[in-house]
2 protein chains.
Amino acid sequence: MATPTPITSALDRAGYRLTAPRQALAALIADQDGHFTAAGLVAAARSRRLGVGRATVFRTLEVLEAIGAIERLDLPGGEHAYVGCKPAHHHHVVCSRCGRTSEIRDADLQRVVRHVARQTGYRVDEHRLELFGLCPACLAGDARPKARKS
Amino acid sequence: MATPTPITSALDRAGYRLTAPRQALAALIADQDGHFTAAGLVAAARSRRLGVGRATVFRTLEVLEAIGAIERLDLPGGEHAYVGCKPAHHHHVVCSRCGRTSEIRDADLQRVVRHVARQTGYRVDEHRLELFGLCPACLAGDARPKARKS
DNA sequence: AGGATATTGAGACTCTGTCTCATTCGTGCT
DNA sequence: AGCACGAATGAGACAGAGTCTCAATATCCT
Ligand SMILES: [Mn+2]
Ligand SMILES: [Mn+2]
Ligand SMILES: [Zn+2]
Ligand SMILES: [Zn+2]
């Protein structure tokens, strides 16, 4: 009865229980093609009467982030959003209009990080790079993708 | 009676009124050597009985960010902090222990940005890079600088 | 000095995220 | 299949961040 998805199997693999709320949320997240918010998931869960509590949404996001199945984005306006992710280290280009993201490997960035470390004397442990702009579809004037406020 | 500071003169130059609350906050911010938070300013203003309201702190931070006198940091834990800034575009290395930051120019980063644009087809309009680690003082086991939670 | 208006403080309000606690559910074991 | 145990859940209280309204005040231009 458990339909395995990348997210649910990642949960399983990490030793978390495969509960109904987690499976429901995994499905909701799989539907998203751009970034999504906690509030959005809560609304979606409620409107589809999935019986998933608000606290559980936040707790699940926390777990999914911990296992690297999703990643938090800090949008320019200050709001937090999430995107589904491969577990390896990478960064995102985020479309300011439709919210879609593309993952990017950061080969070149390593040079920058090392350079900064040498320059400033800091020991650099983590870094975050986020790029914002317009995705190819939105550049092409594609009106189809769901519009986003803010 | 107005003691001009970099922040107050930036405000003036941008056409904002030089009010007492803004001058008080500019002074508080000048005192900070690491990053600081809205809540921290509110607390400092209240404890020093500066008579600066909470709403005014948020409004002032908004204005200062708009004129580029400060910049918002998105800390790994998700909290927001601010640092005083030069107006030119740059990024920050942030000490996870004492909160001090160093500014870095992003010469090398331009290459990365262009590369990403070509690779993904996005038109990249803005980007944010934040590096976290330990500053030279904290690396040296310097216990002096004020410790920070989180 | 006088007046238009930008700015302020107080407090209500909204939204995000956390916590508690009694109840339920998943899972490993028999 | 049945049990037992701990992990996970929902409801709702709670805490904090940030926004908004509005009447009162202060700034700054003339
Ligand atoms: Mn990703
Ligand atoms: Mn800066
Ligand atoms: Zn787009
Ligand atoms: Zn430090």
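Computed over heavy atoms, backbone and side chain alike; hydrogens, waters and symmetry mates excluded.
By the ring-ring contact (aromatic ring centres under 6.0 Å, His included) test, His115(B) pairs with no residue at all, sequence neighbours left out. Under the side-chain contact (heavy atoms from CB on, under 4.5 Å) criterion, Ala45(B) pairs with Leu28(B), Leu50(B), Val52(B), sequence neighbours left out. Under the side-chain contact (heavy atoms from CB on, under 4.5 Å) criterion, Ala14(B) pairs with Tyr16(B), Ile67(B), not counting sequence neighbours. The side-chain contact (heavy atoms from CB on, under 4.5 Å) check on Thr120(A) picks up Val116(A), Tyr122(A), Val93(B), Ser102(B), Ile104(B), with sequence neighbours excluded.
In this structure, Gln23(A) places its CD atom 14 Å from C1' of dT9(D), rounding to the nearest Å. Atom pair Arg46(A):CZ and dA11(D):P shows a separation of 12 Å (rounding to whole Å applied). For Leu11(B) and dA6(C), the CG to P distance is 16 Å, given to the nearest whole Å. Computed from coordinates, the Asp74(A) CG to dT16(C) C1' distance equals 14 Å when rounded to whole Å. Per the geometry, CD belonging to Glu79(A) stands 11 Å off P belonging to dG17(C), to the nearest Å.
Under the 4.5 Å side-chain contact rule for hydrophobic residues, Val57(A) and Ile29(A) share a cluster.
Under the 4.0 Å criterion applied to side-chain N and carboxylate O atoms, Arg48(A) and Asp31(A) are assigned as salt-bridge partners.
Residue Gly78(B) is out of contact with every strand shown, counting any heavy-atom pair closer than 4.0 Å.
Between Thr101(B) and Glu103(B) the shortest side-chain heavy-atom distance does not fall below 4.5 Å.
No donor-acceptor distance shorter than 3.5 angstrom exists from the side chain of His35(B) to the backbone of Ala81(B), with no hydrogens or angles considered.
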(Q) For nucleotides 13-20 of chain D, give me one character per nucleotide, 5' to 3': B if any protein heavy atom sits under 4.0 Å from the base, S if the only such contacts are to the sugar-phosphate, - if neither. (A) ----SBBB

(Q) I need a per-nucleotide contact map over nucleotides 25-30 of chain C, read 5' to 3'. Cutoff is protein heavy atoms under 4.0 Å; write B for the base, S for backbone only, - otherwise. (A) BBS---

